[in-house]
2 protein chains.
Amino acid sequence: MTIDKVDTKNKIQDVAERLIVQGGYGAFSFRDIAEEVGIKSASVHYHYPTKGDLAAAVMVRYTEVFSRRLPDPNDETLNPNTMLNGFIDGFKAKIVDHHNMSLCTMLTADKHRLPEAVSTALADFYQVKLEWLTQVFMRFEPSLEDQAKIQSIQFLAALHGASVLVQATDNAEFFEKAMSCWRKAHI
Amino acid sequence: MTIDKVDTKNKIQDVAERLIVQGGYGAFSFRDIAEEVGIKSASVHYHYPTKGDLAAAVMVRYTEVFSRRLPDPNDETLNPNTMLNGFIDGFKAKIVDHHNMSLCTMLTADKHRLPEAVSTALADFYQVKLEWLTQVFMRFEPSLEDQAKIQSIQFLAALHGASVLVQATDNAEFFEKAMSCWRKAHI
DNA sequence: TTTCACCTACCAAGTGATAGATAGATTATT
DNA sequence: AATAATCTATCTATCACTTGGTAGGTGAAA
């Protein structure tokens with residue numbers, strides 16, 4: 001695979017990701033993407049035969065990039081509270097501050113009309129997040145895995161719910177208020 | 001306004017509401033609605049000139065019906081914990097158990113392409129919920145309105161976030177786990 | 001006779017997807 | 001080294017279909 005091809009594929013995914021974030025699965029079209037990338041829509045089909053292929057690729061890449069950025073939850077030099085705060089801050093900076101909802105929330109809303117490859121990639125992404133959070137919460141009570149799992153669910157629900165509230169009401173203050181119970185003193 | 005007209009308008013709203021819940025703002029078309037109601041798409045336009053008019057009407061009706069069903073938060077014969085549990089149960093029965101997300105979450109995801117009337121109606125709906133919840137939380141500590149407001153935000157975020165998690169992963173257990181910290185003993 | 005609630009018949013724009021052509025690069029064969 | 005075959009990434013052109021919306025007609029009710 002040539003550099004050019006990788007480049008074009010990445011550009012296509014970049015635009016697709018942005019359009020999905022802005023309007024969901026229904027709001028990105030091969031023509032819109034083609035125009036922004038500077039090719040024709042048939043060429044987008046060359047790289048990603050169907051809409052589902054492209055959306056699934058975007059979701060998979062998103063998960064990979066996301067995973068790579070997460071610190072090792074068992075790194076003893078890192079305070080678990082610092083990691084949780086970082087997780088919240090990252091979400092806020094990337095999503096809430098841009099007056100958007102996350103790629104995964106957008107695709108979740110479109111679940112009913114998602115090709116299977118996309119909803120599988122979507123479920124995988126949530127699994128990655130929950131597993132990481134569980135590891136972090138276990139740092140507080142290493143013996144209580146079940147409790148850590150429940151905490152990770154509550155934490156993630158709060159985060160996503162907070163972004164819904166902010167987006168629906170245009171009131172950014174709701175974010176910190178919703179997350180305040182999870183923000184604890186750290187180093 | 002004749003009974004017939006009211007009837008048709010209601011039927012149109014019923015179908016529109018269901019289609020929005022299933023696929024968001026982009027997933028309901030005048031033709032689909034017309035077919036289910038048993039009229040032609042031009043006739044749907046007769047009742048609701050534009051798509052935005054119809055969606056706004058659906059959102060307003062939804063808020064009205066919802067408000068009417070809420071018990072008086074200051075009714076001394078009702079335990080506030082019972083009311084909170086009822087709120088959670090109602091959400092679960094209407095939305096989560098049907099493998100759907102709520103009308104408001106779906107429209108929130110489409111916020112960027114919503115006509116203004118719709119997003120106004122949407123924000124109003126969240127306001128209604130937050131105000132009711134605040135009243136209920138104040139029953140515990142009548143003097144701490146600010147704390148009650150924050151609790152209502154956290155509660156609502158948890159509820160909406162929980163439904164996102166369930167929908168994305170197809171794992172219904174996440175709902176009760178996410179809400180467990182809000183379910184308290186009552187009568 | 002006017003209003004109501006519906007109709008038929010459109011329109012322009014946009015959708016995902018396909019067929020087939022082409023210029024240039026790569027690879028295989030002589 | 002020269003030629004032939006193949007592959008790559010793009011193009012043009014088009015298909016069948018859906019979308020929100022409109023113009024103008026029709027029969028029944030007020």
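Atom set for the values below is all heavy atoms of this structure, side chains included, hydrogens, waters and symmetry mates excluded. Note on naming: letters A, B, ... go to the chains in the order of the sequence lines (proteins, then strands), and numbering restarts at 1 for each one.
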(request) Provide, to the nearest angstrom, the distance between the OH atom belonging to B:Tyr46 and the C1' atom belonging to D:dA23. (result) 16 Å
(request) Summarise how protein sits on nucleotides 17-22 of chain D as a single string, 5' to 3': B when a protein heavy atom is under 4.0 Å from the base, S for sugar-phosphate-only contact, - for no contact. (result) --BBBB
(message) Enumerate the side chain to side chain donor-acceptor pair (under 3.5 Å) contacts for residues 19-32 of chain B, please, sequence neighbours excluded, ordered by first and then second residue.
(response) B:Ser29-B:Asp32
(message) For a quick check under 3.5 Å, do A:Arg183 and A:Asn85 share a side-chain donor-acceptor pair by atom type?
(response) yes
(request) Check the angle between the aromatic planes of B:Phe66 and B:Phe87 and answer parallel, tilted or perpendicular using the 30° and 60° thresholds. (result) perpendicular
(message) Under 3.5 Å, is there a donor on one side chain and an acceptor on the other for B:Gln13 and B:Tyr62?
(response) no
(request) Look at B:Ser43 and C:dC7 and indicate whether a side-chain polar atom (N or O) is within less than 4.0 Å of OP1 or OP2. (result) yes
(request) Specify the angle, to 10°, made by the local axes at the two ends of the helix from C:dT1-D:dA30 to C:dT30-D:dA1 when five pairs are taken at each end. (result) 10°
(message) Show every salt bridge (charged side-chain N to carboxylate O under 4.0 Å, His left out) that has at least one partner inside residues 40-57 of chain A, sequence neighbours left out.
(response) none
(message) Quick check for you: among D:dA9, C:dT8, D:dC11, whose closest atom lies nearest to any side-chain atom of A:Lys40?
(response) D:dC11
(message) Under a 3.5 Å cutoff, is there a donor and acceptor pairing between the side chains of A:Thr105 and A:Thr108?
(response) no
(request) Please state how far atom CD1 in B:Ile33 lies from atom P in C:dC6, giving the value in whole angstrom units. (result) 14 Å
(message) Can you list everything that forms a ring pair (Phe, Tyr, Trp, His ring centres under 6.0 Å) with A:Phe175? Sequence neighbours excluded, please.
(response) none
(request) Whole angstrom is fine here: how far is it from NE2 in A:His47 over to C1' in C:dT18? (result) 17 Å
Sequence neighbours left out, cut at 3.5 Å: what donor-acceptor pairs do the side chains of residues 146-161 of chain A make with other protein atoms?
from	atom 1	to	atom 2	distance (Å)
A:Ser152	OG	A:Thr134	OG1	3.2
A:Ser152	OG	A:Lys149	O	2.7
A:Gln154	NE2	B:Lys177	O	3.1
A:Gln154	NE2	B:Ser180	OG	2.9
A:His160	ND1	A:Leu156	O	3.1
A:His160	NE2	A:Lys129	NZ	3.3

